[in-house]
Amino acid sequence: MTKRIVCRDAGYDCDFQIQSENEDELVEFVREHAMNTHDTELSASDIRGLAVDI
């Protein structure tokens, strides 16, 4: 199943969004984005909580 994460849904003024069928890949890309763009560390469970099925 494909999952999507939209940065704005997490409360950031940011147009980043990502979708993937691979949840581990999704988590890794979001972690990198959060650190590089927002200087924020997110846990895998936090990221999984933001993901919505599409």
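Residues take their numbers from the sequence shown, with the count starting at 1. Computed from heavy atoms alone, side chains included, the values below leave out hydrogens, waters and symmetry copies.
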Q: Could you tell me which non-hydrogen atom of L42 sits nearest to which non-hydrogen atom of R31, and how far apart they are?
A: O-NE, 3.1 Å
(Q) Is there a side-chain contact between T37 and Y12 in this structure, where contact means two heavy atoms from C-beta onward sitting under 4.5 Å apart? (A) no
Q.
Does any part of the side chain of I18, heavy atoms only, come nearer than 4.5 Å to the side chain of V30, both counted from C-beta?
A. yes
Q: Compare every heavy atom of A51 with every heavy atom of L26, then report the nearest pair and how far apart it is.
A: CD2-CB, 4.1 Å
Q. Sequence neighbours excluded, which residues qualify as ring pair (Phe, Tyr, Trp, His ring centres under 6.0 Å) partners of F29?
A. none
Q.
Hydrophobic clustering (ILVMFWY, side-chain heavy atoms < 4.5 Å, transitive) - are V6 and I47 grouped together?
A. no
**Q.** Rounded distance (nearest 0.5 Å) linking atom CG of D53 with atom CZ of R4
**A.** 11.0 Å
**Q.** Aromatic ring pairing H38/H33, orientation class (parallel under 30°, perpendicular over 60°, tilted between)
**A.** perpendicular
(Q) For E32, is the CD atom crowded, meaning more than 12 foreign heavy atoms sit under 6.0 Å from it? (A) yes
**Q.** Partners passing side-chain contact (heavy atoms from CB on, under 4.5 Å) against D39 (at least two apart in sequence or in another chain)
**A.** M35
Q: Report the residues that fulfil side chain to side chain donor-acceptor pair (under 3.5 Å) with D13, sequence neighbours left out, ordered by chain and then residue number.
A: R8
(Q) The criterion is side chain to side chain donor-acceptor pair (under 3.5 Å); which residues satisfy it with S43, sequence neighbours excluded? (A) S45, D46
Q) Please, which pairs that meet salt bridge (charged side-chain N to carboxylate O under 4.0 Å, His left out) have at least one residue in residues 19-29, sequence neighbours excluded? A) E23-R48, D24-R48
